[in-house]
Every structure is written in structure tokens, then in C-alpha cells.
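Notes follow once the structure below has been shown.
Naming: A, B, ... by sequence-line order, numbering from 1 per chain.
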There are 2 protein chains.
Amino acid sequence: MSRPKRATIVDVARMAEVSAKTVSRVVNNEPHVTEAVKTRVREAMRALRYHPNVAAQGLVRSRSYLIGLVYEKPSPSYVVELQKGALERLHGERFRLVVLPVESVTEREDEIIALLRSAALDAVLLAPPASDHAGLMAELREAGMPFARISPTRLLGNGPSVAMDDVAAAQEAAEHIVSLGHKRIGVIKGDPSHAASDARLVGTMQALAKAGITLHPELIESGLFTFDSGLAAARRLLALDPPPTAILAQNDDMAAATVAAARECGLHVPEDLSVVGFDDSDISRVVWPPLTTIRQPVEDMAYRAMDMLLHVLKGEPEGGDIHLAHELLIRRSTAPPRAG
Amino acid sequence: MSRPKRATIVDVARMAEVSAKTVSRVVNNEPHVTEAVKTRVREAMRALRYHPNVAAQGLVRSRSYLIGLVYEKPSPSYVVELQKGALERLHGERFRLVVLPVESVTEREDEIIALLRSAALDAVLLAPPASDHAGLMAELREAGMPFARISPTRLLGNGPSVAMDDVAAAQEAAEHIVSLGHKRIGVIKGDPSHAASDARLVGTMQALAKAGITLHPELIESGLFTFDSGLAAARRLLALDPPPTAILAQNDDMAAATVAAARECGLHVPEDLSVVGFDDSDISRVVWPPLTTIRQPVEDMAYRAMDMLLHVLKGEPEGGDIHLAHELLIRRSTAPPRAG
DNA sequence: CCTCGTGGTGGGAACGTTTCCCTGATCCTA
DNA sequence: TAGGATCAGGGAAACGTTCCCACCACGAGG
């Protein structure tokens, strides 16, 4: 009653004096229709404000035209860029994006799989850490649901994925700090359930080892990629005696927290403490000083991953693992340590 | 082929030795089924990994179980909170959230309406500035698509909505600054296409007028609710002679930009310049010093709006306009002006 | 003149559910 | 023990589209 009856394909067919089948052909741009008939049908469609019923289409084509985006509560800025890239690619396509933030991929695997199974998605985009979860991928394969992965660090050659080289990037960041003359360097790791955290730590340690610097365990703190977790970790590092002269945080949110923690202690960045972030998310330019960071092209990665997914959905062969370049952005949060 | 045939309701019916109708009743928790039959059916469902086909359900019930969230590129932190609140309420419901960021509601109204018509949504949540767009609302009413509005400033009594009092909030912020002793006060307005920008300006002017302070036009700059636009606006204000001793920004992103601009000029916040934000988004705690701001409960608002929408979808009568309280959070970005 | 393809068109089944309308069986009460 | 009420369950139609197949006219080639 409140919902006025929408025009159906047969209404259009009746008005244009053709069969429903023919209308369907016009709607889907199929051949075998005279130009004259085509225009007649188009007019009827406009007159009746006809829009095809997606549910009915989906039923017969077994397509829902929905693509899911699975991610696990990482930093807000990361989520936004992820969505931006995915939506950008989806613009103009019939597919729509359903957001599926999950609590914990590892702990509630069954729940997530049930969600995906019942959500009638055509495909899913897996952001970290779901993109490294073997069980989830196996289930998706079995269910015949195409997926693409963003920033996987393991199990490559397992369907389309877009990633960057976390090890090399972290190495580059550490080399920058070393080249400035820092010797006592702290690290704030990301969420342990993200494989990227380990990869980045490996890169950092390689660079430090090459420079002959040993990284004492007390200088490695763990966070969860969130501002608050970073704040706590940074406070612990700055309470050491002597405190580090530089801190490498594994994402920008935690790097921003490190800057805040330094301020609390009356320290100036970068004069008293150099801080390096990771991601080049919005936050790295929002805080003062703007953060030296690794540009991780999250938006591009999401765009490319979505692109590969659409290819698969169009029946083309699956793509492989794509690699995108990172970049060290030197801004104002790093400087040589105070002399002495 | 790639997509293994999913079990249908008749497969389950055959296995459990009942009719399809009975299985349907079990699935939907309807009465008139013996406990014994129920368990038999449930077992068959599990064995066959049966999940109802959403498209088929949607077809016959004319429901898509999709709810759209329409917003227009505001600050990232706002978007994230919006989504968080909406998703929070959706947890455990059958409905899924489709994100629909749009370019410009006013400029491309037709496009948006076409999008909504063809997207087969059951309902939409309208965030600003779409929530103030009369044409859009009229179309939605005509199409029989329920909607709820977040932070509308006009056209109340027009269906469910959740808002806060922008005028009063801005007034309170200005009073705080006045009470600290500031006389020369700058304002950075938000996006002119958002009605909230005007409302907040009104509140600010009322407070200043009451204190006998006149706000010269040169002290009012306009931004777009983004960091970059705020940076430009703040630079213009700080280039005035004499510069303001306090700046009221209409959201946190622009307030953060103001802090950055001040730093560029070698000014210290809050000693040389007080800055007030608006929203209490993540960014207000991420920057240093943490911003004095107005807490706008965006997440709660989205939650409540979604709640009202679900009520409507369940056939209950439409709710009215709900008002949520704001709160002035005094943090470390405001202080009395320097003596002299 | 008859066949054979071919481009345009329509008829009818199918997709997987729910819902309307039944039929029996069981139960309670007078 | 009869009467109605309640309950468990089933058959068939409906939702709006696409797809397989058949049909028709028409021109070319034999």
C-alpha cells in the first residue's frame, strides 16, 4: 500500500506492443532487435519509469550484484582509503559494495563464513588480516565465491592479490633513520594477528643489522594499529633509560600517538625524538609535524584488487599477484639526534 | 561449473521427508511445526549446508534486505563514525549496508535518484547534506522508500530524524572562548552546501553579540570541512593584521589544519592561538594539543537513525525528530590570550 | 519453384522462495 | 459422545526476470 506498484517488464511490453522477451533484449543491449522497436520500448520504459527488478534478475542469473569488503577494525584512515579505492572502480558498474567489518577473523572464522555464505555475495575483497587467512580462502574456493586479496603477505599464487613489499619498505624506513645518525631506535609493532607486522619487523631488523645496530628486546613494543595502543606503547618506550632517540611505528596512527606521547613528556619532535610512520594515511599530514612515512598506496591497491575481481566476474581468467611500489616520504618528523 | 549447485529448500524437504512449506516455516521460525520435525529439518539443513536464497526471498517478499547509506564526501572521520553506528545497529539483523557516497546531491539529483531507484534498496539513511534535500525526500516518498535523516537542519516533522542543536552548540563553543577573554575571534565555516554551516555560524554570532563583540566579515573564512580547505582558510586568517587570538573551526579536520597553520607561522597553540573544533572525531585526540571541541555523537546518531529505520521496515509507525545532546569538551587547545 | 539459412519475434518453462487456501487429525468442553 | 476449535502439514500459484526453443518472413542459391 505505501509501496506503489512498480512497473514490470510486461507493463512495458504491453505498452510498446512487443513481447516481454523483446523488452528484456533491449534492456540488456542484446542484438536481434530492430531500431524502431528499440526506440518504442525505450519510450515505454521512460513513460512507466521502469527499472528492472534486481531480485528477479538475480534469481534467474544467480547473481546478486553485491561485492563484499571484509576488513577487521584497523585504523579509520585505512578503512576510508580502502573503500574509496574499491568504490572508485565500481563507479559505473552494476555492482554495489557491502561493507563487512568483522570482529576477529581468527577467532570467529565460522561466523564469518556463515555470514559470507548467507549474504549472497558475488565476490569478496579481503583486506588484512583476512587476506592471510588460509581457512577462509579455502572455504571461499569451496563455495565457488571469487575473491581478491589486498596486502597478503603469505600464500601467494593463490588467486588475485595486490600487495607491496613490506620488508623492503620497513628496511628503507630504518635505513633513513640510521643514516641520520640514530643509534638507539625503538619500534612499535602493529597488531600481531596481521602478518604485515612481522614482515615489517623483519625489514627493520635487517636494516639495523646491516648497520651494526642491535635491537634490544626492550626497544620493541607491540600495539594494535590504533592510536590508543600506540600511545601506551610509546609511553613505555619513552620511559626507558635512556629513551630512544627515534621510534619506528608500524602505521601512522601509532606514529601520531608517539608524537603525542613525546609532547606529554615535554619532548620536541623531531629535535628530541624522530618518528616514522607507515601508510601515508591522512593522519600523517594532519598532525604536526607532518610525519615521515612510507607511502602505501592503499587506495590504488583496493582499486586494482576490485578491478581484478570484476575481471573474474566477467568470466576472464584469474589474475595473479600484483606488486605496487612503495615510497619513503621524508617530511618533518625526522631529524638527526641532538649532538652529544 | 565453478559455482557448485547450492542446496535448495526442496532438497532439504526431501531429506527431512517433509514438504518445502514446512521447511520454510522452520527457517522463518513460524509456528505449526512439531519439535521433532523441527530438529529433523534443522539437521537436514546443516547436512546440506543449506542457506536460503536471498534473491528468491526478496523476489516474493519484495524485499532486498539492503539499506543504503548516502553521504557526500565529508571528512573521513565522520564517515567512519557514521558507518560504525549504522553497522552496530544492523548487527544480528538480516539487513546489510550498502555505501553510497555521492558527488554532489544538489548538482546531480537525477543521477542519485536513478541510483536509488535502480539499486533496489529497502530503505536509505541520509547523512548531511542529503538529509536537507527536499527534492530527494519527495522522490523517496513517491517511490515509497522509507528513509531516516541524520543531522537535518531544516524541514523537520518530515519523517524520522536524529539531530543535535547546532546553534546552541556553536553558541556554547563561542561562549567558552569569550569567557577566556578573547576579543578578536576568527571563524572557519564549513561547506556552504551543508545547512549546518549556517546554523553554526548563527550560534557563534549570537554568543559574540551577547558579549558585545562584533565579528568583522574579514574574520569569517569558508572551508569545505576538509583538512586542506581548512589549512587555506586558517592561513588567510593568520595573515590578518592583527591576527585573531582564537579561531573557531566548524569541524575537527579544519581545526587540526588550523593548528598546523599556526605551527607553520611559529605560533604555539594554545599560548598564541586558541583553536576550537567541532564533532569530537578521532582526529581531535590524535593531534597535539588535543582539541577543545563539541562532542557531536555521530555514532549514536547513526545508530538511532538506523534503529528508527528498522522500526519502519517492521511496519511500526514512523518515529519523529529525535534530539541528542551535545557537550563541550574542553581539552588543551584553548587558553586565555597572552596578556597584553 | 523449392529449399536452406538467417535476422527478428514470441511462447513457455525455469529460477527458489513464500503465501493463500485447503484437508485431516487431535483436543477440549459440555 | 458430539461439536467446534486448534493444530500440523500439503498443493499450487505467484513474484519478475531470463533462456531455450520454435516460429515466421524473406532473400539467395540450386
Side-chain angles (χ1 to χ4, degrees), chain A residues 1 3-42 44-45 48-65 94 117-120 122 144 315, chain B residues 1 3-42 44-45 48-66 94 117-122 144 315:
Chain A
M1 29 163 60
R3 197 171 281 261
K5 247 197 205 54
R6 280 175 49 159
T8 77
I9 204 169
V10 307
D11 297 329
V12 177
R14 195 158 23 228
M15 186 169 194
E17 295 178 339
V18 291
S19 75
K21 167 67 186 145
T22 304
V23 176
S24 170
R25 275 196 267 253
V26 174
V27 170
N28 297 296
N29 284 318
E30 284 171 19
H32 302 310
V33 186
T34 330
E35 231 14 83
V37 174
K38 245 185 217 172
T39 43
R40 219 165 65 229
V41 170
R42 292 243 169 76
M45 278 170 42
L48 296 170
R49 303 174 139 226
Y50 169 74
H51 285 277
N53 180 317
V54 185
Q57 287 183 322
L59 180 56
V60 57
R61 296 210 269 225
S62 49
R63 272 279 169 95
S64 63
Y65 298 101
R94 315 188 39 167
R117 273 186 186 279
S118 67
D122 285 344
Chain B
M1 27 162 94
R3 199 170 278 264
K5 247 197 204 58
R6 283 175 47 159
T8 77
I9 203 169
V10 308
D11 298 328
V12 177
R14 193 155 27 223
M15 185 168 194
E17 295 177 337
V18 293
S19 76
K21 166 66 186 147
T22 304
V23 176
S24 170
R25 275 198 266 254
V26 174
V27 170
N28 297 295
N29 284 320
E30 284 170 19
H32 303 309
V33 186
T34 329
E35 220 30 69
V37 174
K38 244 185 217 171
T39 42
R40 221 165 63 229
V41 170
R42 291 242 169 77
M45 280 170 42
L48 296 169
R49 304 176 136 221
Y50 169 74
H51 285 276
N53 180 317
V54 185
Q57 288 183 322
L59 180 57
V60 58
R61 297 212 266 226
S62 49
R63 273 281 169 93
S64 63
Y65 298 102
L66 294 176
R94 318 189 38 170
R117 273 185 187 280
S118 67
L121 302 168
D122 285 345

_On the nucleotide D/dC15, are OP1 or OP2 found under 4.0 Å from the side-chain N or O atoms that A/N53 carries?_
no
*Atom CD of A/Q57 and atom C1' of D/dT18: how far apart are they, to the nearest Å?*
9 Å
*Are any non-hydrogen side-chain atoms of B/R94 and B/Q57 less than 4.5 angstrom apart?*
yes
*Sugar-phosphate only, base, or nothing, as touched by A/V37 at under 4.0 Å among non-hydrogen atoms*: sugar-phosphate
*Can you tell which of D/dT17, C/dC15, C/dG10 lies closest to the side chain of A/L59?*
C/dC15
_D/dA8 OP1/OP2 closer than 4.0 Å to side-chain N/O of B/T22_ = no
*To the nearest Å, how far apart are B/R40 CZ and D/dG9 P?*
8 Å
*In whole angstroms, how far is the C1' atom of C/dG7 from the CZ atom of A/R25?*
10 Å
_Within the 4.0 Å heavy-atom criterion, would you say A/V18 contacts the bases, only the backbone, or no part of the nucleic acid?_
sugar-phosphate
*asked:* Taking the minimum atom-to-atom distance to the side chain of B/T34, which one of D/dA8, C/dG8, C/dT19 wins?
replied: D/dA8
*To the nearest Å, give me how far apart NZ (B/K21) and P (D/dA13) are.*
17 Å
*Flag yes if more than 12 heavy atoms outside B/E30 fall under 6.0 Å of its CD atom; otherwise flag no.*
yes
*A/E30 has a side chain; which of D/dC19, C/dG10, D/dA14 sits nearest to it?*
D/dC19
*Have a look at A/P31 and say if it touches a base, only the backbone sugar-phosphate, or nothing, with a 4.0 Å heavy-atom cut-off.*
nothing
*Length of the line joining B/R94:CZ and C/dT18:P, which is rounded to integer Å*: 8 Å
*asked:* For the NZ atom of B/K21 and the CD1 atom of B/I9, what is their distance to the nearest 0.5 Å?
replied: 9.0 Å
